[in-house]
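Before any comments, here is the structure.
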Protein chains: 2
Amino acid sequence: MMILGLVRWMQPVHGYDVRRELLSWSADKWANVQPGSIYHALRKLTEEGLLREVATEQVGARPARVTYGITSKGEDEFQGLLRGHWWNLGEVVDPFFAAFSFLPALPRDEASAALRNRARLLRAVNDSLRAAMESGWMKDDKPVHVGWMWQLSIARAEGEIGWCERIADLIDAGVPYLPEDYAEEPAWAQFGTLVAEATWHGGPTPDRPSPDQSSPDQPSSNQSSPDQPSPERSSREQPSPTVDGERT
Amino acid sequence: MMILGLVRWMQPVHGYDVRRELLSWSADKWANVQPGSIYHALRKLTEEGLLREVATEQVGARPARVTYGITSKGEDEFQGLLRGHWWNLGEVVDPFFAAFSFLPALPRDEASAALRNRARLLRAVNDSLRAAMESGWMKDDKPVHVGWMWQLSIARAEGEIGWCERIADLIDAGVPYLPEDYAEEPAWAQFGTLVAEATWHGGPTPDRPSPDQSSPDQPSSNQSSPDQPSPERSSREQPSPTVDGERT
DNA sequence: TTGGAGTTAGTCAATTTTGGTTATTACGCT
DNA sequence: AGCGTAATAACCAAAATTGACTAACTCCAA
């Protein structure tokens, strides 16, 4: 619940304000907050004691609007959540991952074309982000860190562009999808291994390292993972190094 | 609904099979499919005519299991969805984005420490992914494109690592968050601009450009923003431009 | 041979999310 | 003054999602 964060910023607000703000920067896209959920969220947060109702104004015969503020308990919770997201890697969802896992379902030439197209799209987006950052409109009245967020988008996309083209080349080159001996058998046993892809950022749920400290744990010379990635273990217990079950 | 894709792969399956498979590669992490949703999804897809019940076996007194197969309508739908995700950029959600937008809520030194820590974490993850790819266990019995997906993770992360360190440096250097003249005013008018970040890949919902074409639209010379950043509008009417608190 | 640990297959109530709907007022235009 | 459109401020029923739960079977060890 990052609605809480918003209420904290905008202090006394009513639902519609939150909704406007959220929609204004189309947060329904990159967060997952649809306008319909807002009132429910506000009420839920209130009943959890994280928010409190500050006032109930009424203008004319319009629906009365309730304004909310944050409680100190809410402030704590917010700090906690915030730290959690700053210090740990979160689950990213990207549907393209899911789609890519069905690679063998596409004809080779389409796959590589799509990848090259993806690279084009990413470049176009990057260009327009860069253009937007140059063009004064955010030079003076927008906080700097908005630009920084765009740069993150750009940086990630740049990595991805290279990948798209490398992989497209591989596909064009006819690199086989399956390690020879695979014949026909369980054609779908394919992913199975995606496991690790997600397993990695498992770790022992390291929430909130220490809410007010600067360098929370290791002395900066330490390069091995703080508490979670343990870079040497590589492949832990795989569910089964074999093809795991695989009935008919 | 990418459950459909699974059923397509594994042809006659019953819910539990799907569930096992999904859990096995912890798809509940990187997609968003919790085991509880599966049966509902199967039934919904069936009633939409994308799947059909193939049989209803019963073993002993255990709950009868219904096996599903895909219909030709379902096949079409699947192809459509697949193409959609391959040819368009999808909405990525990453909670870190949301968290980062609250940057000014953190003390500078914590922010930069957290970013450097993030870089460390990303590096560690990358190392272990790379290690996993070397170590034979996926050399022979895992399809090649699983490795490719990992490489995508790595490529993106590499971009992000650089960003983390650049930004951490900026923060350490004391670069101000707000463009001077900002004083106090609407401290939260901050993001507002995140708009564009998501608006970008809006476009006119270009679903499936043409399943066999290569270069879909613009001639790559286009450098001004495609349809979106409209760099003039900024902070609208604030309900109350006062200081908004920061109460305890 | 019993007990308990795990597997199989799926259900279900409670919570969440969603997209549309309501009902009033403000504004713009002729 | 009259009319239509947009903004305001929410509500709500329906759909989706969730995590916990059931309940029978299997299989091995004590």
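Every chain is numbered from 1 and lettered A, B, ... according to where its sequence line falls, protein lines coming before strand lines.
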Among dA9(D), dT18(C), dA16(D), which is the nearest nucleotide to the side chain of Y16(A)?
dA9(D)
Minimal non-hydrogen separation, R19(A) against I38(A), with atom names
CA-CD1, 3.3 Å
Could you tell me how far apart R19(B) (CZ) and dA20(D) (P) are, to the nearest whole angstrom?
12 Å
To check you understand the geometry: which heavy-atom pair defines the closest contact between N88(A) and R118(B), and what is its length?
O-NH1, 3.9 Å
For the aromatic rings, using the six-membered ring if either is Trp, is the centroid distance between W86(B) and F100(A) under 6.0 Å?
yes
Side-chain N or O of K44(A) versus OP1/OP2 of dT15(C): is the shortest distance under 4.0 Å?
no
Is any side-chain nitrogen or oxygen of R43(B) closer than 4.0 Å to OP1 or OP2 of dT11(C)?
yes
Where the side chain of H14(A) is defined as all heavy atoms beyond and including C-beta, which of dT26(D), dA10(D), dG10(C) is the nearest nucleotide?
dA10(D)
Both P35(A) and P63(B) contact DNA chain D. Which one's nearest nucleotide lies toward the 5' end?
P35(A)
Are OP1 or OP2 of dT18(D) and a side-chain N or O of S37(B) less than 4.0 angstrom apart?
yes
Over all strands shown, is A41(B) touching base, sugar-phosphate only, or nothing at heavy-atom distances under 4.0 angstrom?
nothing
Give the rounded distance in Å between these two atoms: OH of Y39(B) and P of dG10(C).
5 Å
Give the C-alpha distance, both sets of side-chain angles, the deciding distance and a yes or no for salt bridge (Lys or Arg N to Asp or Glu O under 4.0 Å) between R43(A) and E47(A).
CA-CA 6 Å; R43(A) 271 187 290 265; E47(A) 107 190 7; over 6 Å; no
Roughly, in whole Å, what's the span from CG in L42(B) to C1' in dG10(C)?
11 Å
Just how far, in rounded Å, is C1' of dA16(D) from CG of N32(A)?
14 Å
Round to a whole Å and report the spacing from CD1 of I38(B) to C1' of dG10(C).
11 Å
Check the distance between dC25(D)'s C1' and Q58(B)'s CD and give it to me in whole angstrom.
12 Å
Whether H40(B) contacts dA15(D) is assessed here as follows: a side-chain N or O lying under 4.0 Å from the phosphate OP1 or OP2. Is that the case?
no
Going by atom types only, do Q79(A) and R83(A) share a side-chain donor-acceptor pair under 3.5 Å?
yes
Please give, in whole Å, the distance from dT15(C) C1' to L45(A) CG?
14 Å
Closest to the R62(B) side chain: dT26(D), dA10(D), dG10(C)?
dT26(D)
For dT17(C), take OP1 and OP2 only and decide whether either is under 4.0 Å from a side-chain N or O of Q34(A).
no
Interatomic distance, L23(B) CG vs dA20(D) P [rounded to whole Å]:
13 Å
So what does G15(B) hit on the nucleic acid, given a heavy-atom distance under 4.0 Å: a base, only sugar-phosphate, or nothing?
sugar-phosphate
